[in-house]
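Just so you know, these numbers come straight off a predicted model, no measurement behind them.
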Amino acid sequence: MSATLVVRHSVADYAGWRTVYEELETLRAQHGCTDRRVFSALGDANDLFVTHDFGTVADAESFAASPQLKEGMARAGVVGAPRIEIFTSV
């Protein structure tokens, strides 16, 4: 069953965040990420909604629990606790 991991968070600086986000491409691939999208709120480029598609729920859960992801979010300037959820198609 495929899964979509959804992340909602604010960042201190979008450009700085994007640099680190691109650096994590290998990590996403290692966990089986097949597609990704980044959206920002109208009027606030630092308010982000990000989706990542995975082939299985286990892959999405593994990525979400990855210490490298947590470290990357800290380096990227994520402000506060991110909201991370996993959805499956019905």
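When the options Thr51, Asp35, Thr88, Asp53 are evaluated for a side-chain hydrogen bond (donor to acceptor under 3.5 Å, both in side chains) with Thr4, the one that passes is Asp53.
Counting only heavy atoms from C-beta outward, the side chains of Leu48 and Val11 approach each other to under 4.5 Å. The shortest side-chain heavy-atom distance between Val50 and Val6 does not fall under the 4.5 Å cut-off. With contacts defined as side-chain heavy-atom distances shorter than 4.5 Å, the pair His9/Asp47 does not qualify.
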In sequence, state the C-alpha distance, the side-chain angles, and the governing distance for Glu22 and Arg36, and then conclude on salt bridge (Lys or Arg N to Asp or Glu O under 4.0 Å). CA-CA 11 Å; Glu22 295 302 330; Arg36 61 188 175 104; 3.1 Å; yes
I'd like to know whether Phe63 forms a ring-ring contact (aromatic ring centres under 6.0 Å, His included) with His52, so could you lay out the CA-CA distance, the side-chain angles of the two residues, the decisive distance to 0.1 Å, and finally the verdict. CA-CA 10 Å; Phe63 177 71; His52 298 97; 5.5 Å; yes
Show the numbers, then the answer: is there a salt bridge (Lys or Arg N to Asp or Glu O under 4.0 Å) between Glu85 and Arg8? CA-CA 9 Å; Glu85 298 177 296; Arg8 179 74 190 263; over 6 Å; no
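Cation-pi check for Arg28 over Tyr21 is met; the charged atom lies under 6.0 angstrom from the ring centroid and within 45 degrees of its normal.
Counting non-hydrogen atoms of neighbouring residues, nucleotides and ligands closer than 6.0 angstrom, the CZ atom of Arg37 exceeds 12 such neighbours.
Here the shortest heavy-atom pairing between Val7 and Pro82 reads CG1-CB, 4.3 Å. Phe54 and Thr34 get closest at one heavy-atom pair: N-OG1, 4.2 Å.
Residues satisfying the side-chain hydrogen bond (donor to acceptor under 3.5 Å, both in side chains) test with Ser66, not counting sequence neighbours, are Gln68.
A donor-acceptor contact under 3.5 angstrom links the side chains of Asp59 and Thr56, judged on distance only.
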